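Below is one structure, written out as C-alpha cells; the observations come after it.
Throughout, residue positions are numbered sequentially from 1 according to the sequence presented. The structure displayed is predicted, hence computed values, not measured ones. Both ligands and their constituent atoms are indexed starting at 1 by order of listing.
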Amino acid sequence: MKTGFIGLGVMGKPMAKNLIRAGYSLIVCDRAENPVNEMAALGAEKAASPKEVALHCDTILTMLPDSPQVKEAALGNNGLIEGMRPGTILIDMSSINPIASREIATELEKKEIRMLDAPVSGGEPKAIDGTLSFMVGGPKEVFDRFKGLLSKMGSSVVYCGEIGAGNVAKLSNQIIVAVNIAAVSEALMLAKKSGVSPDTVFHAIQGGLAGSTVMDAKVPMILEGNFTPGFRIDLHIKDLNNAIMAGHSAGAPLPLTAGIMEMFQTLHAAGYGSEDHSALVRFYEKLAGETIR
Ligand code: NAD
C-alpha cells in the first residue's frame, strides 16, 4: 500500500520529498497543480481528491493551513472519509485547533479509522533538512508504529498525550514565540529611546538568562529591518486565534496572547500580514515614533 500526502505547500512539499528520498511510495494531492506535478516528476502518483488518495492508501498524511481545510479534506465532499477503510491511519501534521483535531478523530472513529495530530515547529529550512520537531497526540500504540515515519521528516518526535495534545503543545510553542518577539521589541525600543545601541544591548544580554532561540533568530532581522518571511504574521494570527479558542474552552486565561493578537491584528490591518512575525517591532516603532535600525 502507498502512503498518501495531502497539502504540498511551503512545508508539505519538502516533507513529502524527504519521504520519497527515504523510499516511501506516495500518492499526492493539492488544490494547486504545480507542486503536484513537481512531486509526480519525482515518482509520486497524482490523485484528484482526498477520496482518491484514501482509496489507495492505508496511511495518509495531511499538511494543510488550518482547521477548516483539514475538516474539508477529511470529512467533506470527496473527502478522505469517503475512501478510507477500517484500519486506515490519518496523521494530520497541520497546526490547527486541538478541538478540531478531537472532532475529526471522533468522526473517523465511527469508521474504525484512528488519527494522530502531529504538528511541527521549525519552518521551511528544517522541513527541507528533515530536522523538524514533531509534537504528537493520539493513541500511543499508533504513535509507536509511526514514530519511524515521522523521523524521516524530523529530528525530534515527542509523544504529548491523547488526540489534540500535539496541537496544544504547538499552540504553547506559538504563544512563547510571540511573547518573546514582543518582549524583545519592547526592550530594544527602550534601549533606542534611551540612547543605547539596540545592537549592543542584544550582544550584552544574548548569553544571559534573557537569551533565547527566538532572540538569536529574530533580533538580527529586527536590527536590519529585514522582514522577509520566515513565518508570516497572518499565520501567527491563525495560531493565536486557535490558542485563544482552545484557552477559552479549557478555562485557561491567555492575557498576553490576547494582547499580542491585537498588535498582530493592527499590523495586518496596516498591510503587513505577509511580513515575518519579527515585524511585530513595527507596532512599537509606531507607538514610540522611532525606528530600531
Ligand atoms: P501553505 O499555505 O504554503 O500550504 C498549504 C497547501 O495546502 C497549499 O499548497 C494549498 O494549495 C493546499 N490546500 C489547501 N486547502 C486544501 C484542500 N482542501 N485540499 C488540498 N490541498 C489544499 O502552508 P504551509 O506554510 O505549508 O503550512 C502548513 C501548516 O504547517 C500550517 O498549519 C502552518 O501553520 C504549519 N506550519 C508552517 C510553518 C511555516 O514556517 N510555514 C512552520 C511550522 C508549521
Structural part of I96 in contact with ligand 1, heavy atom criterion under 4.0 angstrom: neither
What residue and atom, counting heavy atoms only, is the protein's closest point to atom 30 (O) of ligand 1, and at what distance? M63 CE, 3.1 Å
Can you name the atoms of ligand 1, numbered from 1 with element, that are less than 4.0 Å from a heavy atom of V10? 3 (O), 25 (O), 26 (O)
Answer yes if the side chains of S212 and N180 hold a donor-acceptor pair under 3.5 Å, and no otherwise. yes
Test: K2 cationic atom under 6.0 Å from Y24 six-membered ring centre, within 45° of axis: no
At what distance is the nearest protein heavy atom to atom 33 (C) of ligand 1, and which residue and atom is it? K238 NZ, 3.8 Å
Are H236 and L240 close enough, and set up right, to give a side chain to side chain contact (heavy atoms under 4.5 Å, CB included), and what steps lead you there? CA-CA 6 Å; H236 218 141; L240 296 191; 3.8 Å; yes
Check against side-chain hydrogen bond (donor to acceptor under 3.5 Å, both in side chains), D92 and S94: CA-CA 6 Å; D92 177 39; S94 327; 2.6 Å; yes
Could you tell me if any non-hydrogen atom of D66 lies under 4.0 Å from any atom of ligand 1? no
Nearest neighbour in protein (non-hydrogen) for atom 44 (C) of ligand 1: V120 O, 3.6 Å
Please identify which atoms of ligand 1 are closer than 4.0 Å to at least one heavy atom of L8. 9 (O)
Within 6.0 Å of CD in E290, more than 12 heavy atoms from elsewhere: yes
Heavy atom of the protein closest to atom 11 (O) of ligand 1 (residue, atom name, distance): D30 OD1, 2.6 Å
Rounded at 0.5 Å granularity, tell me how far CD1 in I292 sits from NZ in K193. 10.0 Å
Considering heavy atoms of the protein only, find what lies nearest to atom 20 (C) of ligand 1 and give residue, atom and distance to 0.1 Å. R31 N, 3.6 Å
Basic-acidic side-chain contact under 4.0 Å: R114, E109: no
In the protein, what heavy atom is nearest to atom 4 (O) of ligand 1, and what distance, to one decimal place, separates them? G9 CA, 3.2 Å
For K170 and ligand 1, answer yes if some heavy atom of the residue is under 4.0 Å from a ligand atom, otherwise no. yes
Quick test: of every protein heavy atom, which one is nearest to atom 13 (N) of ligand 1, and how far off is it to 0.1 Å? L64 CD2, 3.6 Å
Kindly indicate whether atom 23 (O) of ligand 1 is approached by any protein heavy atom to under 4.0 angstrom. no
I need the nearest protein heavy-atom contact for atom 27 (O) of ligand 1: residue, atom name and distance, please. M11 CG, 4.0 Å
Heavy-atom proximity to atom 2 (O) of ligand 1, best of S133, P65, G123, P68: P65
Using a plain distance cutoff, I'd like to know if D239 has any nitrogen or oxygen under 3.5 Å from a nitrogen or oxygen of ligand 1. no
Measuring from I96:CD1 to S101:OG, what's the distance to the nearest 0.5 Å? 3.5 Å
Any N or O of S95 closer than 3.5 Å to N or O of ligand 1: yes
Salt bridge or not for E72 and R31, using N-O below 4.0 Å? yes
Apply the test side chain to side chain contact (heavy atoms under 4.5 Å, CB included) to residues K17 and R21: give CA-CA distance (whole Å), side-chain angles for both, the deciding distance (0.1 Å), then the verdict. CA-CA 6 Å; K17 284 184 181 174; R21 250 176 242 126; 4.0 Å; yes
Between R232, K218, R282, which is the residue that forms a salt bridge (Lys or Arg N to Asp or Glu O under 4.0 Å) with D276? K218
